[in-house]
Amino acid sequence: MAMIRKALSMSLATVMTFGLLGLVAYTLDGSAVRQALGITPALDVPYVESRRNTVEAMLDMADVTAEERVIDLGTGDGRILIAAARDYGARGVGVDLDPTLVEEARANAAAEGLAERVEFREEDLFDTPLADADVVTMFLLPEVNMRLRPRLLEELRPGTRIVSNRFDMGDWRPDEVRRVSGYPVYLWIVPADVRGRWMLQVDGREIVLELEQAFQDLTGEATIDGEPALVTGEVRGEQVRLEFPVGGEERVFEGAVQGGRIGPTDGSTWQAVRRTD
Ligand SMILES: C[S@@+](CC[C@H](N)C(=O)[O-])C[C@H]1O[C@@H](n2cnc3c(N)ncnc32)[C@H](O)[C@@H]1O
């Protein structure tokens with residue numbers, strides 16, 4: 001009974017989010033029937049395929065390169081991961097709770113001669129280890145993205161790219177959005193965590209920075225010769241950009257963070273060191 005209720009509510013969610021065509025695809029695919037009969041575990045997202053041009057846009061936005069590791073959450077028939085391996089030489093793992101789709105994905109990869117490069121696992125995406133991904137791909141639902149968000153931010157290395165077909169991640173502003181066949185495709189680049197106190201040395205001055213961070217956006221205060229100044233900035237992976245006035249002149253500091261140090265990437269001579277006091 002609980003399975004039938006879950007399948008019915010999933011059908012309603014499918015109509016509301018993917019439209020009637022989504023429901024037709026979901027039912028014809030048999031997922032609803034398999035779930036109602038308890039053959040397939042209850043899914044958090046119904047099976048709806050990404051279109052070919054959407055897959056192309058996702059991989060282009062993620063800037064996938066050869067040998068990079070792609071983790072495809074809710075892989076369906078494996079089309080995103082298979083395209084990443086076939087068109088970009090990537091490797092990776094795709095996970096799905098539906099065993100029929102996992103079998104289909106394996107068969108599709110084998111048919112393209114890619115079985116050595118991609119692995120498909122029957123697994124709950126909430127249990128998938130994420131830490132070694134270079135790229136994470138997904139076509140899920142807004143609430144599923146939001147449930148995943150804390151793990152994406154905590155477990156993925158700075159610079160890891162996340163691409164999502166159609167659904168965003170709330171107030172985590174995407175780094176890029178493209179519209180493909182009328183629907184958005186989102187890209188986020190996992191930002192390094194630079195919150196806290198830094199000592200920045202520039203032009204013989206020592207400047208204390210107190211940085212606050214909301215995803216990739218930085219705000220804070222610089223104390224320069226005892227005087228406070230407002231800091232704004234941005235983090236894109238390990239790239240950091242800070243702006244604040246020094247000696248009456250607006251300065252821009254562009255650098256990269258490595259451990260407890262931010263160093264310039266534009267040939268200038270400042271450096272910032274994390275303070276723990
Ligand atoms: C909208 S489909 C996307 C399929 C494919 N990624 C694509 O873009 O064509 C979502 C997929 O997530 C799978 N799914 C739903 N809940 C899941 C869960 N908790 N763990 C793993 N896969 C899940 C479904 O079986 C379905 O294949």
Side-chain angles (χ1 to χ4, degrees), residues 3 6-7 9-62 64 70-87 90 92-109 118-130 133 135-149 151-152 162-168 180-181 183-187:
M3 281 293 181
K6 174 97 188 188
S9 76
M10 184 63 81
S11 301
L12 188 64
T14 306
V15 177
M16 285 167 59
T17 4
F18 298 103
L20 268 176
L21 272 179
L23 181 66
V24 171
Y26 172 51
T27 312
L28 284 183
D29 166 66
S31 306
V33 177
R34 287 200 301 278
Q35 280 176 65
L37 295 174
I39 296 167
T40 303
L43 301 174
D44 294 285
V45 188
Y47 179 52
V48 179
E49 298 163 358
S50 292
R51 296 177 186 195
R52 181 202 288 256
N53 53 352
T54 304
V55 173
E56 286 169 2
M58 290 171 83
L59 298 175
D60 184 51
M61 287 167 78
V64 180
V70 176
I71 296 187
D72 188 22
L73 299 175
T75 195
D77 67 359
R79 61 186 56 208
I80 300 174
L81 182 57
I82 290 170
R86 184 190 57 226
D87 303 339
V93 173
V95 301
D96 206 289
L97 267 186
D98 186 329
T100 317
L101 286 169
V102 173
E103 277 309 315
E104 200 177 322
R106 284 180 187 142
N108 291 342
V118 293
E119 178 195 355
F120 291 101
R121 294 201 298 251
E122 187 184 332
E123 181 175 283
D124 191 326
L125 59 88
F126 290 106
D127 297 331
T128 301
L130 301 172
V135 171
V136 174
T137 55
M138 52 201 206
F139 177 22
L140 300 168
L141 281 171
E143 60 273 20
V144 177
N145 287 3
M146 288 301 278
R147 274 173 69 196
L148 274 171
R149 193 175 86 171
R151 285 192 54 215
L152 295 170
I162 304 163
V163 278
S164 168
N165 178 7
R166 212 170 301 187
F167 302 113
D168 66 15
V180 182
S181 303
Y183 293 105
V185 178
Y186 298 95
L187 165 76

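Order of listing sets the numbers, starting from 1, for every ligand and every atom in it.
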Show which atoms of ligand 1 fall inside a sub-4.0 Å distance from at least one heavy-atom site of [X].
X    : value
E123 : 20 (N), 21 (C)
G74  : 3 (C), 4 (C), 5 (C), 6 (N), 11 (C), 12 (O), 13 (C), 22 (N)
L101 : 25 (O), 27 (O)
Y47  : 2 (S), 4 (C), 26 (C), 27 (O)
E49  : 9 (O)
T75  : 5 (C), 6 (N)
R79  : 9 (O)

Counting heavy atoms only, which of F139, F126, F167 comes nearest to atom 1 (C) of ligand 1? F139
Set of residues satisfying ring-ring contact (aromatic ring centres under 6.0 Å, His included) with respect to F120, sequence neighbours excluded: none
Exam field: side chain [X] to backbone [Y], donor-acceptor pair closer than 3.5 Å:
X    : Y    : value
N145 : F167 : yes
R51  : V180 : no
R121 : V93  : no

D96 N/O to ligand 1 N/O under 3.5 Å: yes
Contact between P46 and ligand 1, counting heavy atoms under 4.0 Å? yes
Between R166 and Y186, what is the shortest heavy-atom contact and its length? O-CE1, 3.5 Å
Can you list everything that forms a side-chain hydrogen bond (donor to acceptor under 3.5 Å, both in side chains) with T128? Sequence neighbours excluded, please. E123
